[in-house]
Amino acid sequence: MSASLTHHQRWGAGMAEVLVLGAGMVGVSTGLALQARGHEVTIIERGVPGRETSYGNAGLIQTEAVEPYAMPLSPGALFQIALGRGYDVKWTPQGLLSQLGAVATYAWNSRPAAHRRASVTWGKLIRQSTDRHGPLIAAAGADNIIRRNGYIEIHRTPAKMDVARKTAERFATEFGVQARLMSGAELRAMEPAIRIEVEGATHWSDSWNCADPGGLVASYAALFQKRGGRVVNGDAGDLHRHGAGWRADEVEAEHAVIALGPWSPMLTQRFGLKVPMVFKRGYHKHYHMELPPHHPIADFGNSVVLSPMRRGLRIATAAELTPHPRLSPPQLKHGEKAARELFDIGAAVEAEPWTGRRPCMPDMLPVVGRVPDQPNLWAHFGHGHQGFTLGPVTAEILADELSGGEGWAELQPGRLKRG
């Protein structure tokens, strides 16, 4: 077939050139980035854009999160995790045993030297996040749900404040991250709704926050459609070879991009790529609050982030290694207790908590690029806790490579074959 033939001559009028599987933040951002390069794109989604993993987070676009989240490896921390006493990592026997190999590799890559190597690449990605989101927010008319005032991390003890001071100094020196350290009195002046004394806080002023994460993804999806893209309700798991291209449900395309978050490994395995993913489950619930804080408040000592959202104050928990969600998760119960210490909070807005899985790679870097030995099949997933932040950043990398660029060697799916 002549390379000079047009897309429509090769594939027929109305055919999509690229099929993106999944309409979370990562999938929709992929569609927009490919579209901007002149490709015709169809997104397949079984539900509503932005209602799965992208919906359940603290709403932060985190330019300050320059180091990926490592597994705590100190003997004390591991002892706490093993006994189930801490709240930053919970686990069930079934949840741990079902992914023991991936968790062990994650622990191995959490050692200081390996973590520093991952942070070099991660930091380059994360620092681009607001620059990549900014034009999309403006074009999608979503400024009304975005606050550009950062978030506040509170430190309840002098020891935690000392650690925070060193972290802020290091992040400023190594990555150019902007932060302001505040005393307890300065914190109360900024957030008068806080009703207890704490030692101090860090105001991470670089970052943005969103009052409706699912709504932001939906607005990006609407922009994608306004620009000529299609969102088709269908089964992405139906992906299969069709001639020289790909087909899922009734949609045919020359290229296919797997952007299914925690569901991606089930599909890649069919095409020869085994993905050793760590599945962390998170929870959130909304509570009525008359005078919400002006910023999201991170209380990492209690493994919780409290974010003012359209639906109320969202209490978002840390990770749990379990295949099945709990209706009354202990992390959320603990987070609610911590939140009620800080604020005057009313009743829960919904009866049951939202739950979803975080697709984390054991080497802490997302998988972005060409699937080995599968012409025109692409991977875009594995962002850990930061798919909402990083979707538009890694979408540019994927779209550039699909359009003939180099891609990023550190993110390539081929690294999983070598491992």
Open item on the list: Can you see whether Glu396 engages Gln128 through a side-chain donor-acceptor pair at a distance of less than 3.5 angstrom?
Closed with: no
Open item on the list: Looking at every non-hydrogen atom in both residues, tell me the closest pair between Gly237 and Leu267 and how far apart they are.
Closed with: O-CD1, 4.1 Å
- [ ] May I ask you to test the Asp363-Thr105 pair for a side-chain heavy-atom distance under 4.5 Å?
- [x] no
TODO: Report the C-alpha distance between Asp212 and Arg314 in whole Å, list the side-chain angles of each, state the deciding distance to 0.1 Å, and finish with yes or no for salt bridge (charged side-chain N to carboxylate O under 4.0 Å, His left out).
DONE: CA-CA 10 Å; Asp212 184 356; Arg314 177 177 290 186; 5.8 Å; no
Open item on the list: Are His203 and His295, when compared by the centres of their aromatic rings, separated by less than 6.0 Å?
Closed with: yes
Task: Side chains of Pro353 and Lys333 in contact at under 4.5 Å (non-hydrogen atoms) - done: no
Task: Heavy-atom closest contact (Leu291 atom, Ala193 atom, distance) - done: O-CB, 3.6 Å
Open item on the list: As an exercise, state the distance from CG of Leu187 to CG of Leu181, rounded to the nearest 0.5 Å.
Closed with: 12.0 Å
Open item on the list: Apply salt bridge (charged side-chain N to carboxylate O under 4.0 Å, His left out) to residues Arg165 and Glu169 and explain how you reach the verdict.
Closed with: CA-CA 6 Å; Arg165 190 172 288 108; Glu169 289 171 359; 5.5 Å; no
Open item on the list: Can you tell me how far apart OG (Ser110) and CE (Met364) are? Round to the nearest 0.5 Å.
Closed with: 4.0 Å
Task: Set of ring pair (Phe, Tyr, Trp, His ring centres under 6.0 Å) partners for His155, sequence neighbours left out - done: none
Task: Non-hydrogen atoms of Gly27 and Val20 that approach each other most closely - done: O-CG1, 3.6 Å
Task: Arg46/Asp238 ion pair, N-O < 4.0 Å - done: no
Please set out all donor-acceptor pairs under 3.5 angstrom arising from side-chain atoms of residues 213-229, sequence neighbours excluded.
unit_1	atom_1	unit_2	atom_2	d
Ser219	OG	Leu216	O	2.7
Tyr220	OH	His133	ND1	2.9

Task: Main-chain N/O of Leu273 paired with Thr268 side-chain donor or acceptor, under 3.5 Å - done: yes
Task: pair Arg147-Pro308: side-chain heavy atoms closer than 4.5 Å - done: yes
Open item on the list: To the nearest 0.5 Å, what is the distance between CD on Gln269 and NZ on Lys274?
Closed with: 6.0 Å
Open item on the list: Using every non-hydrogen atom in the two residues, find where Ala23 and Val28 come nearest and quote the distance to one decimal.
Closed with: O-CG2, 3.6 Å
Task: Trp246/Gln374 under side chain to side chain contact (heavy atoms under 4.5 Å, CB included): CA gap, chis, key distance, verdict - done: CA-CA 11 Å; Trp246 297 93; Gln374 293 290 339; 3.7 Å; yes
- [ ] Indicate yes or no for a side-chain donor-acceptor contact from Asn209 to the backbone of Ser307 under 3.5 Å, with no hydrogens or angles considered.
- [x] no
Open item on the list: Hydrogens and angles aside, do Ser207 and Glu64 bring a side-chain donor and acceptor to less than 3.5 Å of each other?
Closed with: yes
Open item on the list: Test your reading of the model: is there a side-chain donor-acceptor pair from Thr389 to the backbone of Leu60, 3.5 Å cut-off?
Closed with: yes
Task: Test: Glu350 and Arg311 ion pair at under 4.0 Å - done: yes
- [ ] State, yes or no, whether a side-chain contact exists between Pro68 and His115 at a heavy-atom distance under 4.5 Å.
- [x] yes
TODO: Would you mind reporting whether Lys417 and Asp373 have side-chain heavy atoms less than 4.5 Å apart?
DONE: yes
Open item on the list: Looking at Arg370 and Glu401, would you say the former's side chain and the latter's main chain have a donor-acceptor pair under 3.5 Å?
Closed with: no
Open item on the list: For Arg156, is there an ion pair with Glu341 - N to carboxylate O distance below 4.0 angstrom?
Closed with: yes
Task: Intermediate values then yes/no, salt bridge (charged side-chain N to carboxylate O under 4.0 Å, His left out), Arg170 and Glu67 - done: CA-CA 11 Å; Arg170 185 166 61 84; Glu67 293 175 338; 2.6 Å; yes
Task: Separation of Thr394 OG1 from Gln386 CD (nearest 0.5 Å) - done: 11.5 Å
- [ ] Answer yes if the side chains of Ser303 and His334 hold a donor-acceptor pair under 3.5 Å, and no otherwise.
- [x] no
TODO: Carefully, step by step, assess Phe343 and Ile297 under the rule side chain to side chain contact (heavy atoms under 4.5 Å, CB included).
DONE: CA-CA 11 Å; Phe343 299 116; Ile297 306 293; 3.8 Å; yes
TODO: Examine the side chains of Asp249 and Asn233 and answer whether a donor and an acceptor come within less than 3.5 Å of each other.
DONE: no
Task: Met277 and Met361, any side-chain heavy atoms less than 4.5 Å apart - done: yes
Task: Verdict with supporting geometry, Thr202 and Thr167, side chain to side chain contact (heavy atoms under 4.5 Å, CB included) - done: CA-CA 10 Å; Thr202 306; Thr167 300; over 6 Å; no
Open item on the list: As an exercise, state the distance from CG of Leu402 to CH2 of Trp378, rounded to the nearest 0.5 Å.
Closed with: 4.5 Å
TODO: Kindly say whether Ala351 contributes a backbone atom to a donor-acceptor pair with the side chain of Lys285 at under 3.5 angstrom?
DONE: yes
Task: Separation between CD of Glu352 and CG of Leu332, rounded to the nearest 0.5 Å - done: 12.0 Å
Task: Min side-chain heavy-atom separation Arg415-Leu365 under 4.5 Å - done: yes
Side-chain donor-acceptor pairs under 3.5 Å in residues 120-127, sequence neighbours left out?
unit_1	atom_1	unit_2	atom_2	d
Trp122	NE1	Ala65	O	2.8
Arg127	NE	Phe175	O	3.4
Arg127	NH1	Thr63	O	3.0
Arg127	NH1	Asp206	OD2	2.9
Arg127	NH2	Gly176	O	3.1
Arg127	NH2	Asp206	OD2	3.2

TODO: Could you pull out the closest heavy-atom pair between Ser403 and Arg37, with the gap in Å?
DONE: OG-CD, 3.4 Å
Task: Verdict with reasoning, Val368 to Trp408, per side chain to side chain contact (heavy atoms under 4.5 Å, CB included) - done: CA-CA 8 Å; Val368 186; Trp408 282 30; over 6 Å; no
- [ ] Using the side chain to side chain contact (heavy atoms under 4.5 Å, CB included) rule, pick out the option among Ile154, Ile315, Ile152 that qualifies with Asp299.
- [x] Ile154
Task: Pairwise side-chain contact, His255 with Leu34, heavy-atom cut-off 4.5 Å (strictly under) - done: no
- [ ] Looking only at non-hydrogen atoms, find the nearest pair between Asn376 and Ala244 and report the distance.
- [x] ND2-O, 4.5 Å
